[in-house]
Amino acid sequence: MAAVHADVGVITAAVGSAVIELGGSRVLCAIYGPNVDSRQEFSGRGQLQCDVQYATFARRRHCEPAAIAEAQAEVAADVLAALTPAVRLEDYPKTSWAINIFVVQEGGAVLPAAINAASLALAHASVHMRGLVGASAVISTGDDMQVHPTEEAAGTALATVIVATMPALGQTCLVRSAGRASPVQVLDAVAAARKGCGDIHAHLRKVLLARAADGQL
Amino acid sequence: RAVMAAENVAVTIVCPGDAVPGDKEMQAGPGTYVDEHGTVRAFVLGRLVVSETPAGLVAEVSANNTPRTPQVGEVVVCRVTRISARLAHVEIVCTRGGMSVLRDPCAGLVRKEDVRPYDVDAVEMFKCLRPGDVVRARVLSLGDARSYYLSTADKDLGVIFAKGSQTGATMVPVSAGRMRCPVSGVEEHRKVARLTA
């Protein structure tokens, strides 16, 4: 499997935090909460809020601020979509949790790295979760598929498929596909991505268990 | 040695989503839940303990004491911000009976009828709770979006710290309904918490 580096507890001021390096993308995530916000309507279920910020040097080429803002909003919406099924929001009435993601470097695919970082940080913050979420991207170049693509590989892709699952429960949280590919290629890519999610999940588990064993929850 | 023997016991640490090993007769204790297929799984990262109770095997996962919003039935420590004839508005500063400090205080209120357990019609708020007092209260309900609903209607609930209105010195409790300023000797009415040490 391509190199994955993950660590927790990197931001001491936050309730939970994690950093992930995957396919050339480097992403930090900090969790803050539980917040009681009196401006929100009373809700029997908790809420997740996600904010994504790109570093000014995150992209190789200079981009218009509008394009960056659009990418940030899109990643935030997808991270929420992937993590909402996993968090037991019914345990947090009248409460919200804030997921703050900072993209240090954009590699092949930022979204899986962001989802993995958020999942790890939420577990580190002891937020109640049904299962850990693992996410991975697969690119299809017509003949070939590559899991966890790097930036140069992603440049040659015809289609990109991103999948987030909870491997412990065998359930899928998110499927996103873009580009052009035949139905068979898309299904093959989804299957490969699901396997990638399982590998990532195993790695995330290892990091959490190692930290807990050290007594540094 | 006794210490070494305790350290040799295997400790299972589990991640969210991990299934608790064992037969189906396991019950889900704190930190665990039952999924659609009946498997007991952990929902936090922590130490797994399976204990035998009269009801059967119970699995429990304990995480460290993470910050938490006030829970129904819990004792909280709060500071009175303003009062009216019917309500006392407070900001909740500590939860878990005072053991856990909140990052950001949240709002609560004590209604007139929840100040003390007897003679609720004749409650004069000014003689029970005043702005600036630190109060020990119990959470009655989540209330509405703006405030938690709290109660001080118990012997060990009520004012635990107050300053004299004339001198500003810390007052000393005299009885369940009065506190005395040690500098001026003036007694003021408060709903005092009786804390057994």
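Here is how names work: the chains are called A, B, and so on, in the same order as the sequence lines, proteins then strands, and each is numbered from 1. Predicted, not measured: the structure shown is a model, and the values here were computed from it.
- Of all heavy-atom pairs spanning Gly17(B) and Ala168(A), the tightest one is O-CB, 3.4 Å.
- The two residues Gly143(B) and Phe42(A) make their nearest non-hydrogen contact at O-CE1, 3.8 Å.
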Applying side chain to side chain contact (heavy atoms under 4.5 Å, CB included) to Arg205(A) and Asp18(B), what does each step give before you reach the verdict?
CA-CA 10 Å; Arg205(A) 260 193 95 238; Asp18(B) 287 358; 2.8 Å; yes

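- No side-chain heavy atom of His128(A) sits less than 4.5 Å from a side-chain heavy atom of Tyr33(B).
- Contacts with chain B (heavy atom to heavy atom, under 4.5 Å) involve these residues of residues 83-101 of chain A, listed by number: Arg88(A), Asp91(A), Pro93(A), Lys94(A), Thr95(A).
- Distance SG/Cys15(B) to CE/Met129(A): 10.0 Å, rounded to 0.5 Å.
- If you measure heavy-atom distances from Glu36(B) to chain A, the contacts under 4.5 Å come from the side chain alone.
- Contact annotation for Ala42(B): only backbone heavy atoms (N, CA, C, O) come within less than 4.5 Å of a heavy atom of chain A.
- Lys195(A) NZ: 12 or fewer foreign heavy atoms inside a 6.0 Å radius.
- With a threshold of 4.5 angstrom between heavy atoms, Asp144(B) approaches chain A through N, CA, C or O but not through any side-chain atom.
- Met166(A) does not touch chain B: none of its heavy atoms, backbone or side chain, sits under 4.5 Å away.
- Residue-environment remark: CD (Glu113(B)) exceeds the threshold of 12 foreign heavy atoms within 6.0 Å.
- Around CZ of Arg68(B), the count of heavy atoms belonging to other residues, nucleotides or ligands within 6.0 Å exceeds 12.
- Side-chain contact check for Leu169(A) versus Arg41(B): some heavy-atom pair is nearer than 4.5 Å.
- Per-residue counts of heavy-atom pairs under 4.5 Å with chain A were compared for Asp104(B), Val44(B), Leu102(B); the largest is that of Val44(B).
- Between atom CG of residue Leu45(B) and atom CG of residue Leu209(A) there is a gap of 7.0 Å, rounded to the nearest 0.5 Å.
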